[in-house]
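Written out below as structure tokens is the structure these notes cover.
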Amino acid sequence: MSVESCAAFLRYALRDTGIRQQMKAMTAVAEMIRLGRAHGYLFDARDLAAASSSPDFSEAAPRAASEKAASGPRAPAPAVTEPTAFYHYEYDMADLPGFDAVLDELPALKIKPSTVDLAEFDAEFRADDLRSTSLAPNGAEYHRWRAAPATRRRRDFHLVNLDSHTDHADYPAYYAAKIRLVDALEKVFGGEVRLSGNLWYPPSSYRLWHTNEDQPGWRMYLIDFDEGFPDAEHTSFFRYQHPETDELVTLRERPKLARFFKVEQDPDRLFWHCIVNPTPRHRWSFGCHVPDTWLSAIAGRS
């Protein structure tokens, strides 16, 4: 294991267009270590952190995954299945032109790694974490909860990062599907797509309030479930705080949903949001950085 070996791999990766394309599908350090090993380079997470600190490698090393409409004229959007709310667009994947290949990859992406102990996962559930998703993140009650001794140590999520689990039998097929997914999405959008987080939300899981302000730009999330919901009012949900009115907006979810929204860094326009799956269903979410021109690209394919 060495920093030199890692730096040599990153130099090799930057020269190889095939590896660079694969890296667009990677979000976790464990994946980079596995990819390096497959090419004969041995390094660990500490080596990767040291080597990738160089500006020369900023594009090669992915971050480990732990999510306003843009200005200017827009082409007409495809028909949405629900009224579009401030700052977000939602579509059924089947209604988006060019998404047939995306839908084809979903079965291979929706994995439940054998390396996850669900009994241990369930034991880590915190009811007060879940209650915090009903509090406005700019409100006094939320800040009191966040500052309490029991919550001072960082508690942001209760979910499974699929990309951190690379030592199970389903990973190679899953990884190959992620690469094909990136290829399919780049054909749809006509620009670079990078995965930003591939997450499994088992029953009673959540991602607490956050802004993703360190990674600004348009995001797309592909969301699916193991089964549909018999009651449209009792589903998993995405909740955000309207940056201008402070209203908490709750978006109920359904299978094979594509959601787009923009992350900003302006302190007055931060996009505070959280995700909760309080149901017995399993939820998967595959996040992507998409080009700013994604809406025009979809309209142009209609």
Side-chain angles (χ1 to χ4, degrees), residues 27 63-71 82-90 120-161 196-197 199-221 223 229 231-254 257 259-281 283 285 287 289:
T27 72
R63 291 173 177 241
S66 17
E67 308 145 12
K68 149 186 169 177
S71 59
E82 296 180 2
T84 297
F86 183 82
Y87 265 44
H88 83 277
Y89 297 80
E90 289 189 357
E120 181 179 329
F121 177 85
D122 290 342
E124 293 173 351
F125 174 83
R126 301 285 292 269
D128 59 322
D129 282 352
L130 187 58
R131 284 193 295 271
S132 74
T133 63
S134 296
L135 306 176
N138 67 349
E141 188 175 357
Y142 175 80
H143 287 291
R144 281 195 297 271
W145 171 80
R146 196 71 187 181
T151 54
R152 279 180 186 154
R153 66 182 184 279
R154 196 166 183 83
R155 282 169 26 200
D156 287 335
F157 51 81
H158 179 56
L159 50 81
V160 177
N161 176 2
S196 59
L199 307 174
W200 170 28
Y201 288 75
S204 300
S205 53
Y206 48 78
R207 175 75 168 93
L208 301 186
W209 288 107
H210 60 292
T211 65
N212 293 119
E213 62 190 277
D214 59 336
Q215 299 182 60
W218 277 100
R219 296 289 188 90
M220 178 185 71
Y221 285 85
I223 299 158
F229 297 102
D231 180 355
E233 294 301 313
H234 295 86
T235 72
S236 63
F237 60 84
F238 176 95
R239 177 172 287 154
Y240 68 86
Q241 183 169 38
H242 192 299
E244 295 176 1
T245 67
D246 290 339
E247 174 191 7
L248 295 187
V249 180
T250 300
L251 307 177
R252 293 289 169 183
E253 297 187 323
R254 58 191 183 275
L257 172 69
R259 175 179 292 127
F260 297 80
F261 59 86
K262 190 176 184 184
V263 171
E264 300 202 50
Q265 293 183 310
D266 182 340
D268 295 326
R269 302 184 70 81
L270 296 179
F271 192 67
W272 282 99
H273 56 286
C274 61
I275 303 96
V276 178
N277 177 25
T279 78
R281 303 290 185 256
R283 177 190 190 270
S285 173
H289 294 279

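In this structure, E90 and L251 have side chains that are in contact, with non-hydrogen atoms separated by less than 4.5 Å. Residues P278 and Y206 fail the side-chain proximity criterion, which asks for heavy atoms closer than 4.5 Å. Between H158 and F121 the shortest side-chain heavy-atom distance falls below 4.5 Å. Counting heavy atoms from C-beta outward, V263 and Q215 have side chains that stay 4.5 Å or more apart. With contacts defined as side-chain heavy-atom distances shorter than 4.5 Å, the pair T211/F271 does not qualify. Looking at heavy atoms from C-beta onward, K262 lies out of side-chain contact with R219 at the 4.5 angstrom threshold. Side-chain contact check for N161 versus L199: some heavy-atom pair is nearer than 4.5 Å. F261 has its side chain within reach of H273: a pair of non-hydrogen atoms, C-beta onward, lies under 4.5 Å apart.
For A123, there are no side-chain contact (heavy atoms from CB on, under 4.5 Å) partners two or more places apart in sequence or in a different chain. For W209, the side chain to side chain donor-acceptor pair (under 3.5 Å) criterion is met by no residue, not counting sequence neighbours. For D266, the side-chain contact (heavy atoms from CB on, under 4.5 Å) partners at least two apart in sequence or on another chain are D268, R269. The side chain to side chain donor-acceptor pair (under 3.5 Å) check on H234 picks up D231, with sequence neighbours excluded. Residues satisfying the side-chain contact (heavy atoms from CB on, under 4.5 Å) test with T133, not counting sequence neighbours, are L130, L208, R239, C274, V276. Residues that satisfy the side chain to side chain donor-acceptor pair (under 3.5 Å) test with N138, not counting sequence neighbours, are Q241, D246.
Between the CD atom of E264 and the CH2 atom of W218 there is a distance of 9.0 Å, given to the nearest 0.5 Å. For the atom pair R281 CZ and S205 OG, the distance stands at 13.5 Å (nearest 0.5 Å).
One N or O on the side chain of T235 and one on the backbone of E253 form a donor-acceptor pair closer than 3.5 Å. A distance-only check finds a donor-acceptor pair linking the side chain of H143 to the backbone of P137 [under 3.5 Å]. The backbone N or O of Y201 lies less than 3.5 Å from no partner atom in the side chain of R283, so there is not a single donor-acceptor pair.
Shown here for S134 and L248, the closest heavy-atom pair between the two residues is O-CD1, 3.8 Å. A pairwise comparison of heavy atoms in L270 and P243 identifies O-CG, 3.8 Å as the closest pair. Taking every heavy atom of both residues into account, P280 and P203 meet most closely at O-CG, 3.3 Å.
Surrounding CD of Q265 are more than 12 heavy atoms belonging to other residues, nucleotides or ligands, all under 6.0 Å away.
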Could you walk me through whether R146 and D156 pass salt bridge (charged side-chain N to carboxylate O under 4.0 Å, His left out), step by step? CA-CA 11 Å; R146 196 71 187 181; D156 287 335; 3.0 Å; yes

